[in-house]
Amino acid sequence: MRRLSIAAAGVALALGLAGCAGGGTYAADTASSLQHGVLGVATAANGKDYAGALSQLASLQQRNDAALKAGTIAAGRHDAIAKSLAAVKADLTQLKDAAERAQLQQQLQQLQQQQKDQKGKGKGHGDGGDGGDGG
């Protein structure tokens with residue numbers, strides 16, 4: 001479900017960028033740069049590389065801010081993009097946190113299983129269950 005919201009936000013952001021490229025709210029090269037940034041974020045997120053996606057998103061935010069400072073994007077368009085970026089960042093952060101929790105839970109379960117296995121080896125040593133001399 002979260003993945004869908006990221007995809008939807010990414011698509012909305014990409015469409016917003018593409019829709020205004022010819023509308024005079026920012027230069028074509030700025031639009032292209034931002035669209036490539038959106039693609040990078042979406043590609044990383046789709047590959048479940050949430051840290052990478054967040055890094056690419058930060059770069060995209062910097063490009064958006066630089067475009068405003070350079071005057072190659074209108075303030076209103078910059079603000080709309082920044083708002084979309086913040087929404088995507090929130091989703092990516094939640095996905096990254098959930099993935100990290102799931103990984104930690106899996107590691108914990110593996111450690112618990114190892115402990116059970118080690119205890120089991122210590123108790124069953126004399127019952128001939130694993131590799132006695134067959135005598």
Side-chain angles (χ1 to χ4, degrees):
M1 186 73 160
R2 292 265 184 240
R3 199 170 182 150
L4 291 176
S5 63
I6 283 196
V11 169
L13 180 59
L15 290 175
L17 292 172
C20 294
T25 58
Y26 54 93
D29 59 334
T30 299
S32 177
S33 173
L34 293 174
Q35 287 171 339
H36 282 92
V38 169
L39 179 62
V41 171
T43 300
N46 191 42
K48 296 184 181 182
D49 177 10
Y50 303 122
L54 284 165
S55 176
Q56 297 234 7
L57 189 67
S59 175
L60 185 56
Q61 288 172 326
Q62 290 172 348
R63 283 188 248 171
N64 189 39
D65 292 343
L68 179 65
K69 288 179 185 176
T72 59
I73 190 171
R77 175 55 48 199
H78 167 272
D79 294 347
I81 292 170
K83 185 176 179 179
S84 293
L85 294 176
V88 172
K89 182 178 181 180
D91 281 348
L92 283 171
T93 299
Q94 287 180 348
L95 285 169
K96 180 178 175 274
D97 291 347
E100 288 173 352
R101 279 192 304 273
Q103 184 179 16
L104 288 173
Q105 184 65 34
Q106 182 180 19
Q107 289 173 345
L108 179 61
Q109 288 173 349
Q110 288 172 347
L111 287 172
Q112 289 171 340
Q113 186 61 46
Q114 287 174 356
Q115 287 177 344
K116 286 180 184 178
D117 291 347
Q118 288 175 353
K119 286 181 182 179
K121 286 181 183 179
K123 288 182 179 178
H125 198 53
D127 66 0
D130 72 8
D133 62 5

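No hydrogens, no waters, no symmetry mates; every other heavy atom, side chains included, goes into these values. Since this is a predicted model, take the numbers as computed values, not measurements.
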Inter-residue atom distance [X].[atom1] - [Y].[atom2], 0.5 Å rounding:
| X | Y | atom1 | atom2 | answer |
| --- | --- | --- | --- | --- |
| D49 | K96 | CG | NZ | 10.5 Å |
| K89 | L85 | NZ | CG | 10.0 Å |
| L57 | Y50 | CG | OH | 14.5 Å |
| H36 | L34 | NE2 | CG | 11.0 Å |

| request: Walk me through it: do L39 and Q35 pass the test side-chain contact (heavy atoms from CB on, under 4.5 Å)? | output: CA-CA 6 Å; L39 179 62; Q35 287 171 339; over 6 Å; no
Residues A44 and G52: closest non-hydrogen pair is CB-C, 4.0 Å
In a table with atom names and distances, give each donor-acceptor pair under 3.5 Å that connects a side chain of residues 59-71 to protein atoms at least two apart or in another chain.
residue : atom : partner : partner atom : Å
R63     : NH1  : S33     : O            : 2.7
R63     : NH1  : S33     : OG           : 3.4
N64     : ND2  : H78     : O            : 3.1
D65     : OD1  : H78     : NE2          : 2.7

Quick note, side chain to side chain donor-acceptor pair (under 3.5 Å) partners involving residues 103-116, not counting sequence neighbours, are Q113-D117
